[in-house]
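Each remark here refers to the structure printed beneath this line.
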Amino acid sequence: MLDLKRLRSEPEVVRAALERRGGAASLNRVIELDQQRRALLPELEALRAEQNAANEAISAAKASGESADGQIAAMSEVAARAKALEAELHGAEAELDEALALLPNLPEDDAPAEDTVLRECGEPADFAFDPRDHLDLSGERIDIERGARLSGARFAYLRGELVMLELALVRWTLELLGGHGFEPVIPPVLVREEALRGTGFLPDTEQQIYRLADDDLYLVGTSEVALASLHADEILEAEKLPLRYAGFSPCFRREAGSAGRDTRGIFRVHQFDKVEMFSFVAPEAATEEHLRLLAIEEQILTALGLPYRVVDIGLDDLGASAARKFDCEAWLPSQQRYRELTSTSNTSDFQARRLAIRMRREGGKPELLATLNGTAVAVGRTIIALLENGQQADGSVVIPQCLVDCGAAAVLPPAEA
RNA sequence: GGAGGGGUGGCAGAGUGGUCGAAUGCACCGGUCUUGAAAACCGGAGUCCGGUAACCCCGGACCGCGGGUUCGAAUCCCGCCCCCUCCGCCA
């Protein structure tokens, strides 16, 4: 959510920023409704003041045993007017909230118009054979057929050595993040609507979100939702910032609208596990923190031996809450191209404002802080990349030492034919 | 699932229609006293919106959330959320 005050004080700056990303649609309506509200409010407050004064007089009269009937009758009229005004005000406020919620975050000045590759790191392996894709390499250890029989398309069983690989990957990642000051968290994955509104997924990505009709709960598409809400309605002491969390949870996505895309394997599935980084920082520290999250993502990919490139995401693909976003794409030999593995966003104060997450500096007033998120490890896609990049001629897969140290098999034997 | 109890300021805890934004205690900040500290005493201190450029000042709102009754609601009524206790069930 954007700052109404700023929108009021420099509407053209805001408009220009929004228009860069094509998100100014409801701006005029917001401004109009804000003016309406600001016209009604003082009127209502004047009536309230009148009521308050009269209440004192009536109390005093009653206390001294005098009749207050005249005043009461007069105030009855005032009360009726106040009630009508209040209804009008509430109507305007509800509309305002709705229109304001449709405005996306203001992009950073440096955010590019188009996706821009910043760098490529690591050398794609030059296989002396035709590289297999992750499904050929995994065999039934990624059991698509039975997953589909159980739950439909885009669901899979993960089996055998790959389960141990996932656990090693998660363990290793959480240890590494612990070293960077992230507290591990396993959050609820069923959340209320407010959490999705607060993080900017609603209204925006409703068609991606699973909803439980009987319980007014939603399945999160990322633990970002739960982690952001961890400090909702709190005022944090500035000295305690930054606060960093590493959420580990399953993620659920309907993938409506992506029919036919990435249908093979587990690149795009309805359920996957993910370790997500989330930071609460002072506003002036946000940009630096964003680069920090990106650096950690790169550290992880490098340690896993995965060739990757970093993309500065263009304005069109930012998503409602992000002011800036970087993706890391890993090289997939079977596709001969880079595919998205991780993503990190600076959401500035957009989520903090909606969730009422503030900080207080020594002796100061509460002020909004900044929130940032970044994928540490999207397990499914990382397994794909590990399989494909670590494969050998015989179909076995060499696993990076860091994961072996955390319990993964050093070499995954070839899939049974 | 059944039966009860409860949500008030940082915490504890009064308040059941009328100067209540809210007693009191603890914690906190400032001051007096003291060689210093403690104790004691005095004072201060919440959040949000608007008037404003303004951390002074003025008005308004906030006693879980949202409605209702009333001239007036922390107090009465309705709905929702949350917490606790007991029973049952259960990973």
Side-chain angles (χ1 to χ4, degrees), chain A residues 1-11 13 30-100 186-198 211-219 226 229-240 249-250 283 349 352-369:
Chain A
M1 188 152 70
L2 298 182
D3 182 7
L4 256 185
K5 281 185 187 151
R6 174 138 187 240
L7 216 147
R8 211 177 282 149
S9 62
E10 36 185 26
V13 175
V30 167
I31 292 173
E32 192 182 308
L33 287 163
D34 179 50
Q35 281 167 352
Q36 236 182 69
R37 189 183 77 87
R38 284 161 56 81
L40 291 171
L41 192 59
E43 233 184 296
L44 177 61
E45 289 187 347
L47 289 182
R48 285 268 157 74
E50 195 181 330
Q51 286 181 301
N52 288 340
N55 289 342
E56 279 184 35
I58 291 170
S59 301
K62 291 221 167 178
S64 62
E66 297 165 30
S67 164
D69 292 354
Q71 291 182 80
I72 288 176
M75 289 322 290
S76 168
E77 219 174 291
V78 174
R81 265 195 292 152
K83 199 170 175 180
L85 253 184
E86 195 181 359
E88 200 180 340
L89 180 67
H90 281 172
E93 279 178 341
E95 269 190 79
L96 175 62
D97 288 346
E98 214 174 298
L100 191 57
I186 295 180
V189 292
L190 282 170
V191 303
R192 294 225 180 87
E193 185 177 326
E194 297 96 275
L196 289 163
R197 290 194 171 279
R211 176 175 174 195
L212 305 198
D214 288 342
D215 294 281
D216 284 324
L217 289 171
Y218 297 79
L219 279 163
S229 298
L230 189 56
H231 291 299
D233 294 315
E234 292 182 26
I235 300 174
L236 306 170
E237 288 171 44
E239 309 88 78
K240 299 213 170 134
S249 81
D349 61 10
R353 183 170 293 106
R354 291 190 180 196
L355 291 168
I357 312 171
R358 292 170 295 171
M359 54 172 260
R360 190 200 303 275
R361 299 179 210 268
E362 182 77 36
K365 304 277 284 179
E367 54 189 304
L368 291 171
L369 46 68

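Note on naming: letters A, B, ... go to the chains in the order of the sequence lines (proteins, then strands), and numbering restarts at 1 for each one.
A:Arg81 comes within 4.0 angstrom of no nucleic acid atom, judged by non-hydrogen atoms across all strands. Counting non-hydrogen atoms under 4.0 angstrom, A:Gln71 reaches nothing in the nucleic acid. At the heavy-atom level, A:Ala49 lies under 4.0 Å from the strands shown only through sugar-phosphate atoms. Looking at heavy-atom distances under 4.0 Å, A:Leu41 makes contact with sugar-phosphate atoms alone, never a base.
As rounded to the nearest Å, B:A45 and B:C56 have P atoms that lie 11 Å from one another. Separating the P atom of B:G21 from that of B:A12 is a span of 24 Å, rounded to the nearest Å. Comparing the C1' positions of B:G17 and B:U75 gives a spacing of 6 Å, expressed to the nearest Å. B:G88 and B:C76 have their C1' atoms separated by 36 Å, with the value rounded to a whole Å. B:G66 and B:A74 are spaced 13 Å apart, taking the P atom of each and rounding to whole Å. Nucleotides B:G46 and B:A23 place their P atoms 13 Å apart, quoted to the nearest Å. Atom name C1', nucleotides B:G72 and B:G18: the rounded distance is 7 Å, in whole Å. The gap from the C1' atom of B:C20 to that of B:C63 amounts to 10 Å, rounded to the nearest Å.
Across the interface with RNA chain B, nearest-nucleotide mapping of A:Lys365 and A:Ala46 shows A:Lys365 to be the residue nearer the 5′ end. RNA chain B is contacted by both A:Ser76 and A:Glu367; A:Glu367 maps to the nucleotide lying nearer its 5′ end (nearest heavy atom per residue).
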Dot-bracket pairing map - RNA chain B, Watson-Crick plus G-U, both contacts under 3.5 Å, | cross-strand:
((((((((.[[[..)..(.....]]].(((((.......))))).((((((.....)))))).[[[[[..)....]]]]])))))))....
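Remark: A:Arg192 engages no residue in a salt bridge (charged side-chain N to carboxylate O under 4.0 Å, His left out) (not counting sequence neighbours). Legend: residues meeting salt bridge (charged side-chain N to carboxylate O under 4.0 Å, His left out) with A:Glu86, ordered by chain and number and at least two apart, are A:Arg48. For A:Lys365, there are no salt bridge (charged side-chain N to carboxylate O under 4.0 Å, His left out) partners at least two apart in sequence or on another chain. In this view, A:Glu93 and A:Arg37 satisfy the salt bridge (charged side-chain N to carboxylate O under 4.0 Å, His left out) rule, not counting sequence neighbours.
In this structure, A:Arg197 pairs ionically with A:Glu193, as a charged nitrogen and a carboxylate oxygen lie closer than 4.0 Å.
The environment of CD in A:Glu239 is crowded: more than 12 heavy-atom neighbours from other residues, nucleotides or ligands sit within 6.0 Å.
Judged by distance alone, with hydrogens and angles left aside, the side-chain atoms of A:Ser9 form a donor-acceptor pair with the main-chain N or O of A:Arg6 at under 3.5 Å.
Taking a heavy-atom distance under 4.0 Å as the criterion, the stretch of RNA chain B touched by chain A extends 5' to 3' from B:G18 to B:C82.
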Run the side chain to side chain contact (heavy atoms under 4.5 Å, CB included) check on A:Leu85 and A:Glu43 step by step: do they pass?
CA-CA 8 Å; A:Leu85 253 184; A:Glu43 233 184 296; 3.9 Å; yes
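Contact check for A:Gln51 versus A:Val78: side-chain heavy atoms found under the 4.5 Å cut-off.
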